[in-house]
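Everything numeric in this text was worked out from a predicted model, so none of it was measured. For this chain, numbers begin at 1 and follow the sequence in order.
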Amino acid sequence: MTVLYAYLIIINAAGFLFMLTDKRRAQRNLWRIPERTLIAVALLGGSLGALLGMKLFRHKTKHDKFRIGIPIILSVQILFAVLIYIFIQK
């Protein structure tokens, strides 16, 4: 479980930092992190970090694929984790 926790911390930190980096690059008209990369990090378990980054930095909040998609990804991941926990307890 320690490896899983470490992975989740790292991937969520990455999601958070990717949102921060992309926001700063957008403000400076620099090369941006592709949207598919931001979504991929969320799908790989970094959805909480990505969502916190979106809210804190007010980034990608007008794009439906992020405004709606990231919370859906997070919800599905939480549901999946709860189901696994319930299954393991039996």
Side-chain angles (χ1 to χ4, degrees):
M1 288 302 270
T2 304
V3 173
L4 175 62
Y5 294 145
Y7 172 79
L8 289 174
I9 289 169
I10 291 167
I11 196 70
N12 279 287
F16 185 82
L17 292 173
F18 277 23
M19 286 294 178
L20 171 61
T21 301
D22 195 53
K23 175 69 175 192
R24 288 184 176 169
R25 289 180 177 188
Q27 292 169 331
R28 295 181 178 108
N29 291 321
L30 297 174
W31 174 85
R32 305 279 301 279
I33 297 172
E35 288 186 349
R36 68 180 166 266
T37 301
L38 298 173
I39 296 291
V41 169
L43 286 169
L44 291 171
S47 55
L48 180 59
L51 184 62
L52 291 173
M54 282 175 54
K55 299 291 184 180
L56 185 63
F57 308 123
R58 290 182 278 156
H59 188 54
K60 300 287 188 187
T61 56
K62 293 183 181 177
H63 300 263
D64 285 345
K65 81 168 86 169
F66 289 92
R67 186 177 55 84
I68 297 169
I70 299 294
I72 288 173
I73 292 168
L74 178 59
S75 298
V76 169
Q77 290 171 341
I78 290 171
L79 177 63
F80 186 65
V82 168
L83 291 174
I84 289 174
Y85 178 78
I86 291 170
F87 180 73
I88 290 173
Q89 295 302 316
K90 290 187 177 185

Who pairs with [X] by side chain to side chain contact (heavy atoms under 4.5 Å, CB included), at least two apart in sequence or on another chain?
{"X": "L83", "answer": "L79"}
{"X": "L17", "answer": "L20"}
{"X": "L4", "answer": "M1, L8"}
{"X": "V82", "answer": "I78, I86"}

Fellow cluster residues of [X], listed by chain then number, with links counted only when side-chain atoms sit under 4.5 Å apart:
{"X": "V3", "result": "none"}
{"X": "I88", "result": "F80, I84"}
{"X": "I72", "result": "I68, V76"}

Problem set entry | Residue pairs, two or more places apart or on separate chains, that pass side-chain hydrogen bond (donor to acceptor under 3.5 Å, both in side chains) and touch residues 28-44 | D22-R32, E35-K60, E35-K65
For this session: Please list all pairs passing the side-chain hydrogen bond (donor to acceptor under 3.5 Å, both in side chains) test where one or both residues lie in residues 68-85, with sequence neighbours left out.
Result: S47-Q77
Exercise. Taking all atoms of both residues into account, what is the closest heavy-atom pair of V41 and A14, and its distance?
Worked result: CG1-C, 4.3 Å
Exercise. Considering all heavy atoms of both residues, which atom of A42 and which atom of I70 are nearest to each other, and what is their separation?
Worked result: CB-CD1, 3.5 Å
Going hydrophobic residue to hydrophobic residue with side-chain gaps under 4.5 angstrom, can you get from [X] over to [Y]?
{"X": "I9", "Y": "L44", "result": "no"}
{"X": "I10", "Y": "L43", "result": "no"}
{"X": "Y7", "Y": "L51", "result": "yes"}

For this session: Name all pairs fulfilling the ring-ring contact (aromatic ring centres under 6.0 Å, His included) condition that reach into residues 45-72, sequence neighbours left out, sorted by first residue then second.
Result: F16-F57
For this session: Enumerate the residue pairs fulfilling salt bridge (Lys or Arg N to Asp or Glu O under 4.0 Å) with a member in residues 72-89, sequence neighbours excluded, ordered by first and then second residue.
Result: none
For this session: Starting at CZ of R24, measure out to CD1 of I33 and round the result to the nearest 0.5 Å.
Result: 11.5 Å
For this session: Can you sort out the partners of R67 under side-chain hydrogen bond (donor to acceptor under 3.5 Å, both in side chains), two or more places apart, ordered by chain and number?
Result: D64
